[in-house]
Amino acid sequence: MRKTCSSLFIAGLSLFCCLQSKAQKIETFKENDLTLNFTSLEPAFDPVLKKRMIETFFKVYPLLKKEYNDTAATEVDFVIDTAYEGVAATSGRKIMYSPVYFKENPGDIDVVTHEAMHVIQNYGRRSGPGWLTEGIADYVRYKFGVDNPGADWALPEYKNTHKYTDSYRITARFFAWLENHGNKGLVKKLDANLRGRTYTNAIWKVETGKTLDELWMAYSKNPAL
């Protein structure tokens with residue numbers, strides 16, 4: 001019995017090690033001048049979702065690179081990280097995704113679009129307020145997303161409790177309004193200033209003729225996109 005248990009233990013350990021090794025294998029995909037390295041620490045990660053993530057990256061990343069930053073990284077790492085408890089997070093060219101979140105929200109493929117924009121942004125630390133960074137990334141998701149309806153994702157209707165510093169979709173809607181009301185190209189200018197570490201609040205007055213607070217006041221009076 002002891003020998004049988006030992007054999008079963010060794011067999012189980014071998015299987016576990018095999019699965020772990022397979023799960024941690026880096027797969028590399030190339031398209032034109034772009035490289036995507038895909039690593040999954042989750043052995044049971046949905047292969048259909050994986051395929052969609054890869055396809056989404058190669059669809060949107062070249063567009064974002066051309067539109068916002070043609071010097072952005074040409075090699076990006078995707079990691080399905082079982083230890084990560086959020087939705088997704090980007091550091092440099094590496095994007096971590098939560099397998100738990102994707103299991104619960106398999107239709108939210110444009111998390112890839114949002115995080116890919118963070119790679120494009122490449123602002124570094126202390127380049128500007130965080131609400132701008134996340135607001136721009138969600139504006140880009142709104143503009144370039146491949147299947148926002150599939151995730152039931154949309155910009156929210158304006159509420160008088162909103163503030164431009166609320167970040168993400170609330171700020172993104174403000175940006176969409178600005179772009180549609182005489183300030184086309186403003187988001188690109190904000191993005192470039194943040195990356196170049198030249199952003200100050202003065203840019204709003206310079207580019208639009210109004211302060212940030214004055215723009216928000218105008219938006220709040222007539223928020224229709």
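In this text, all values refer to a predicted model and were calculated from it rather than measured experimentally. FYI, the numbering just counts along the sequence from 1.
Between the side chain of H181 and the backbone N or O of L178 there is no donor-acceptor pair closer than 3.5 Å. A distance-only check finds no donor-acceptor pair linking the side chain of N32 to the backbone of L34 [under 3.5 Å]. Not a single donor-acceptor pair under 3.5 Å links the side chain of R173 to the backbone N or O of L155. Side-chain atoms of N105 come within 3.5 Å of backbone N or O of Y101 as a donor-acceptor pair. At distances below 3.5 Å, not a single donor-acceptor pair connects side-chain atoms of N37 with backbone N or O atoms of T28. Judged purely by atom type and a 3.5 angstrom limit, D77 has no side-chain atom pairing as donor or acceptor with the backbone of K94. For the pair R197 (side chain) and R125 (backbone), a donor-acceptor distance under 3.5 Å is present.
The environment of D152 atom CG is sparse: at most 12 non-hydrogen atoms of other residues, nucleotides or ligands sit within 6.0 angstrom. For K59, the NZ atom is loosely surrounded, since the number of other residues' heavy atoms within 6.0 Å does not exceed 12.
A centroid separation of 6.0 Å or more is found between the aromatic rings of Y97 and Y84.
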*In sequence, state the C-alpha distance, the side-chain angles, and the governing distance for D138 and E134, and then conclude on side chain to side chain contact (heavy atoms under 4.5 Å, CB included).*
CA-CA 6 Å; D138 258 4; E134 297 298 346; over 6 Å; no
*Derivation of the side chain to side chain contact (heavy atoms under 4.5 Å, CB included) call for L194 and L132*: CA-CA 9 Å; L194 288 163; L132 268 178; 4.1 Å; yes
*Evaluate the side-chain hydrogen bond (donor to acceptor under 3.5 Å, both in side chains) criterion for residues R141 and N148: first the C-alpha distance (whole Å), next the side-chain angles of each, then the deciding distance (0.1 Å), finally the verdict.*
CA-CA 8 Å; R141 172 174 177 158; N148 285 321; 2.7 Å; yes
_Applying salt bridge (Lys or Arg N to Asp or Glu O under 4.0 Å) to E42 and K103, what does each step give before you reach the verdict?_
CA-CA 11 Å; E42 171 54 80; K103 185 175 182 180; over 6 Å; no
*asked:* As a quick check of understanding, evaluate side-chain hydrogen bond (donor to acceptor under 3.5 Å, both in side chains) for D33 and T74, giving each step before the final call.
replied: CA-CA 7 Å; D33 63 341; T74 57; over 6 Å; no
*Report the C-alpha distance between W131 and I136 in whole Å, list the side-chain angles of each, state the deciding distance to 0.1 Å, and finish with yes or no for side chain to side chain contact (heavy atoms under 4.5 Å, CB included).*
CA-CA 8 Å; W131 62 266; I136 290 173; over 6 Å; no
*Please test N201 against Y199 for side-chain hydrogen bond (donor to acceptor under 3.5 Å, both in side chains), starting from the C-alpha separation and ending with a verdict.*
CA-CA 7 Å; N201 282 338; Y199 172 84; 3.0 Å; yes
*Give the C-alpha distance, both sets of side-chain angles, the deciding distance and a yes or no for salt bridge (Lys or Arg N to Asp or Glu O under 4.0 Å) between E179 and K184.*
CA-CA 4 Å; E179 291 274 342; K184 190 171 179 60; 5.1 Å; no
*Let me see the working for K143 and E67 under salt bridge (Lys or Arg N to Asp or Glu O under 4.0 Å), right down to the final yes or no.*
CA-CA 12 Å; K143 187 176 178 182; E67 180 82 1; 3.5 Å; yes
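Here the side chains of L215 and T208 are in contact, with some heavy-atom distance below 4.5 Å. Inter-residue side-chain proximity for T211 and W204 is flagged as unmet; no heavy-atom pair is nearer than 4.5 Å. At a threshold of 4.5 Å between non-hydrogen side-chain atoms, the residues D110 and Y142 do not count as touching. Using a 4.5 Å heavy-atom threshold, the side chains of V87 and V111 count as touching. Side-chain contact between T82 and P99 is present, with at least one heavy-atom pair separated by less than 4.5 Å. W177 is not listed as a side-chain neighbour of N183, based on a closest heavy-atom distance of 4.5 Å or more. Counting heavy atoms from C-beta on, the side chains of F174 and L212 come closer than 4.5 Å. Using a 4.5 Å heavy-atom threshold, the side chains of Y164 and Y219 count as separate.
Here the straight-line distance linking atom OG1 of T161 with atom CG of D166 works out to 7.5 Å at 0.5 Å rounding. Here the straight-line distance linking atom NZ of K65 with atom CE of M117 works out to 13.0 Å at 0.5 Å rounding. Annotation: the span from M53 atom CE to I95 atom CD1 amounts to 8.0 Å, rounded to 0.5 Å. Separating the NZ atom in K66 from the CD1 atom in I120 is a distance of 13.5 Å, to the nearest 0.5 Å. One distance of note links CG of L63 with OH of Y68; it measures 10.5 Å at 0.5 Å rounding. Interatomic distance, T35 OG1 to E75 CD, rounded to the nearest 0.5 Å: 5.0 Å.
One hydrophobic cluster, built from ILVMFWY side chains closer than 4.5 Å, cannot hold both F58 and I26; they sit in different ones. Under a hydrophobic-cluster definition in which Ile, Leu, Val, Met, Phe, Trp and Tyr are linked whenever side-chain heavy atoms come within less than 4.5 Å, directly or via other members, I109 and L36 are assigned to the same cluster. Note: the hydrophobic cluster containing Y168 does not contain F144 (ILVMFWY, side chain heavy atoms under 4.5 Å, direct or indirect links). Cluster membership check: L186 shares its hydrophobic cluster with L225, using side-chain heavy-atom separations under 4.5 Å among Ile, Leu, Val, Met, Phe, Trp and Tyr. With hydrophobic clusters built from ILVMFWY side chains whose heavy atoms lie under 4.5 angstrom apart, I203 does not share a cluster with M217.
The salt bridge (Lys or Arg N to Asp or Glu O under 4.0 Å) test applied to D147 returns R52, not counting sequence neighbours.
Between G86 and S98, the shortest heavy-atom contact is O-CB, 3.1 Å. Shortest non-hydrogen contact noted between G124 and S127 is O-OG, 3.7 Å. Here the closest heavy-atom approach between residue G130 and residue S167 is recorded as O-OG, 4.2 Å.
The aromatic rings of Y61 and F57 sit parallel to each other, their planes meeting at less than 30°, with 60° as the upper class boundary.
Just one of H118, Q121, E115, H114 meets the side chain to side chain donor-acceptor pair (under 3.5 Å) condition when paired with T90; it is E115.
Both the sub-6.0 Å distance and the 45° axial angle are satisfied by K50 relative to the ring of F38.
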